[in-house]
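Here is the structure we will look at.
Note on naming: letters A, B, ... go to the chains in the order of the sequence lines (proteins, then strands), and numbering restarts at 1 for each one.
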There are 2 protein chains.
Amino acid sequence: MTRPPRRPLTLRDVSEAAGVSEMTVSRVLRDKGDVSAATRQRVRDAAKRLGYVPNRIAGSLAGGRVNLVAVVIPSLKNMVFPEVLSGISEALAGTGLQPVVGFTDYLPETEEQVLYEMLSWRPSGVIVAGLEHSPASRAMLTQSGIPVVEIMDTDGIPIDACVGISHRRAGREMAEAILAEGYRRIAFLGTKMPLDHRARKRLEGFAERLSEDGIAIADREFYSGGSALAKGREMTQRLLERSPDIDFIYYSNDMIGAGGLLWLLERGVDVPGRIGLAGFNGVELLDGLPRQLATMDACRREIGRRAAELIAARQPGTAIVTPERLDLSPTIAWGDTLRRSTRPAKQGDPAPA
Amino acid sequence: MTRPPRRPLTLRDVSEAAGVSEMTVSRVLRDKGDVSAATRQRVRDAAKRLGYVPNRIAGSLAGGRVNLVAVVIPSLKNMVFPEVLSGISEALAGTGLQPVVGFTDYLPETEEQVLYEMLSWRPSGVIVAGLEHSPASRAMLTQSGIPVVEIMDTDGIPIDACVGISHRRAGREMAEAILAEGYRRIAFLGTKMPLDHRARKRLEGFAERLSEDGIAIADREFYSGGSALAKGREMTQRLLERSPDIDFIYYSNDMIGAGGLLWLLERGVDVPGRIGLAGFNGVELLDGLPRQLATMDACRREIGRRAAELIAARQPGTAIVTPERLDLSPTIAWGDTLRRSTRPAKQGDPAPA
DNA sequence: TTGAAAGCGCTAACAC
DNA sequence: GTGTTAGCGCTTTCAA
């Protein structure tokens, strides 16, 4: 590794090569202002020949504009955020804006640091996961004066705007469906993440709805770390050893649900007759399991898309009025693991046994 | 969404509030140079009270240093890159450098654009997936004068440095193992990605080694899009309908391998007796399948870590000499789907049937 | 249509 | 230990 470091080219180099002022070069390269076709061509050629790459640091400082959108999310391990990012990239493509991603690992303190770093680049917008932030984070975001969109969750008060789903409602609705199908001995298996507020809210909504029917969660267990598929397997096994009379398991995510499903099928357990199962997220990854796990889509891609659109719509020059709260409404994907005796038959449903 | 945009605070604001020069504020905030404890405290308080966030655009322009490392990868859908990113973040933590990620979707033209965007921010290093780039991309990277580390692959000539594994060799070694176990009617199932050079090289190495034993790939099929698990299932089914005498299937990735495995197990096929299976990547995600798919680790996290370390080691002031080629050597994870008659028994292997 | 001057907010280098 | 000066490489503004 010994390449000689060169001085990076500047506008001046191109300007000299093309025989015009720096200003004219700048105009050509940004397609701004009127430049004669001949000059434009000469400049373009020179820039290309030299291999000039503009210096956006200088450009942004002078222009007071930065084409960056800060995206702050917990982690990529979650299976949730890659798709959110895709939605964001998709919607940002063509706007001239570019996403820059930072990770918090679900830690408020890390979030604070990452936001500080990001804001120090004076981005044109911030997309941040969740509505829960440290006071310092909130202050920074409010102070910044740039558009902020909080994503994933709508159960709370946004700093500026939010796009997501109500996880509390998602939990409630799943409870509702499970009860309607006649399940009564209901267990919950999830992640041990006190700081994953969305998982917490789902569980709260879930328990709340059950209790309205006088039912308590019969058993529960939380895990952390390791392969979710394997954990789902182990936890399901332990659960049924502990509480053999369980008739439904609500998993906090599809991966552990899939682990549980595989384990039950191997043992020849009747799913969803003897035990029903449901997860959360609607990950496409799992299409192809022996049976389709019941789940609820988290609207990941759409959340990303809408958030990016909100940011784009709030750029100076764009006078569109945007809503401050976008609450998406996912529906239950019944799959094959939630018995459907009472539900009216839909096209595509297998005939009742 | 109607927050009043404020003028962002500058060093001057803090300097006035603290009653010292801008320069002193700058020194305090960067922990550079000697400042008396008393002054330092006053400045810190003022900055905090005002909610000052430094402007790195100006700072970078003046200082000629940017704490950013550009990371250019194909996509996050691949299951491979999230872990590479983790490795990078991990190694960069504490160096003061920050990763900024861009996606190419496996398209050379997109890669070119993304590199251009990234380089325009004058990052302190570039980590880019693969050794194959358009001439323009190569030119940009060479011209840039900053450290460039190409990752994932070592079959080729790096622009500056590279860290990865030889996918050609990975394919060869898997072929070797399969042949050693006595399999002879060997099929390949993979992705239809002419631009995924690493998958291509694995297949080439694989076919090459087979042909040295006078064996040709008996059947093959390629897919694109959709859920990999489902595709693995479908392709495996079609394959066995077409070529029922196949005794081994080499999958280009673990997810389709898992789909195939699940399908075969459901049908009661003897794996690995009647048919052996192997995938590629070593994704932890799949721990928890009924049987463990044979695979080969792609060393994702380590590649990320090492690449980041190379970048860090090449920063001005760090006079460490770094290698220009780091070739990691993954070994086969035999799992439960590659018969092991002739291989000497190792600890942990089940007793032969 | 083109050019010249001023300055974006910060830091390096040098004074005191 | 602290302050002053002179840019970093661009874009804005205004003049020609």
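Residue Ser26(A) has no polar side-chain atom (N or O) positioned under 4.0 Å from OP1 or OP2 of dC10(D). Note on Arg65(A): a side-chain N or O is less than 4.0 Å away from OP1 or OP2 of dT12(D). Phosphate contact (OP1/OP2 of dG9(C), side-chain N/O of Arg7(B), threshold under 4.0 Å): absent. For dA12(C), one of the phosphate oxygens OP1 or OP2 lies less than 4.0 angstrom from a side-chain nitrogen or oxygen of Arg30(B). Distances shown here put a side-chain N or O of Thr39(A) below 4.0 Å from the OP1 or OP2 atom of dT2(C). Checking the phosphate oxygens (OP1, OP2) of dG9(C), no side-chain nitrogen or oxygen of Tyr52(B) falls inside 4.0 Å. Taking only side-chain nitrogens and oxygens, Thr10(A) never comes nearer than 4.0 Å to OP1 or OP2 of dG9(D). Ser36(A) has a side-chain polar atom (N or O) that falls below the 4.0 Å cut-off from OP1 or OP2 of dT2(C).
Between Arg42(A) atom CZ and dT1(C) atom P the separation is 15 Å, expressed in whole Å. Between the P atom of dC8(D) and the CZ atom of Arg56(A) lies a distance of 21 Å, rounded to the nearest Å. When the P atom of dT4(D) is taken as reference, atom CD of Glu22(B) falls 10 Å away, rounded to whole Å. Between Lys32(B) atom NZ and dA13(C) atom C1' there is a gap of 13 Å when expressed in whole angstrom units. Here the C1' atom of nucleotide dG3(C) and the CG atom of Asp34(A) are 15 Å apart, to the nearest Å. When the C1' atom of dC10(D) is taken as reference, atom CG of Leu61(A) falls 8 Å away, rounded to whole Å. In this structure, CZ of Arg27(A) is placed 14 Å from P of dC14(D), rounded to the nearest angstrom. In this structure, CD1 of Ile57(B) is placed 23 Å from P of dG7(D), rounded to the nearest angstrom.
At a threshold of 4.0 angstrom between heavy atoms, the contacts of Gly64(B) with the nucleic acid are absent.
Counting only distance, with no hydrogens or angles, the side chain of His133(B) and the backbone of Gly130(B) share a donor-acceptor pair below 3.5 Å. At distances below 3.5 Å, at least one donor-acceptor pair connects side-chain atoms of Asn55(A) with backbone N or O atoms of Ala58(A). Glu150(B) places a side-chain N or O within 3.5 Å of a backbone atom of Ile159(B) that can act as its donor or acceptor partner. Formation of a donor-acceptor pair under 3.5 Å by the Arg325(B) side chain with backbone atoms of Thr154(B) is found in this model.
Between Met23(A) and Leu11(B), the one whose closest nucleotide on DNA chain C sits nearer the 5' end is Met23(A). Nearest-nucleotide positions on DNA chain D place Gly19(B) closer to the 5' end than the other of Gly63(B) and Gly19(B). Along DNA chain D, the nucleotide nearest to Asn55(A) and the one nearest to Arg40(B) differ in position, and the one closer to the 5' end is contacted by Arg40(B).
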**OP:** Evaluate the criterion side-chain hydrogen bond (donor to acceptor under 3.5 Å, both in side chains) for residue pair Asp105(A) and Thr110(A); output intermediate values, then yes/no.
**Re:** CA-CA 7 Å; Asp105(A) 287 320; Thr110(A) 309; 5.6 Å; no
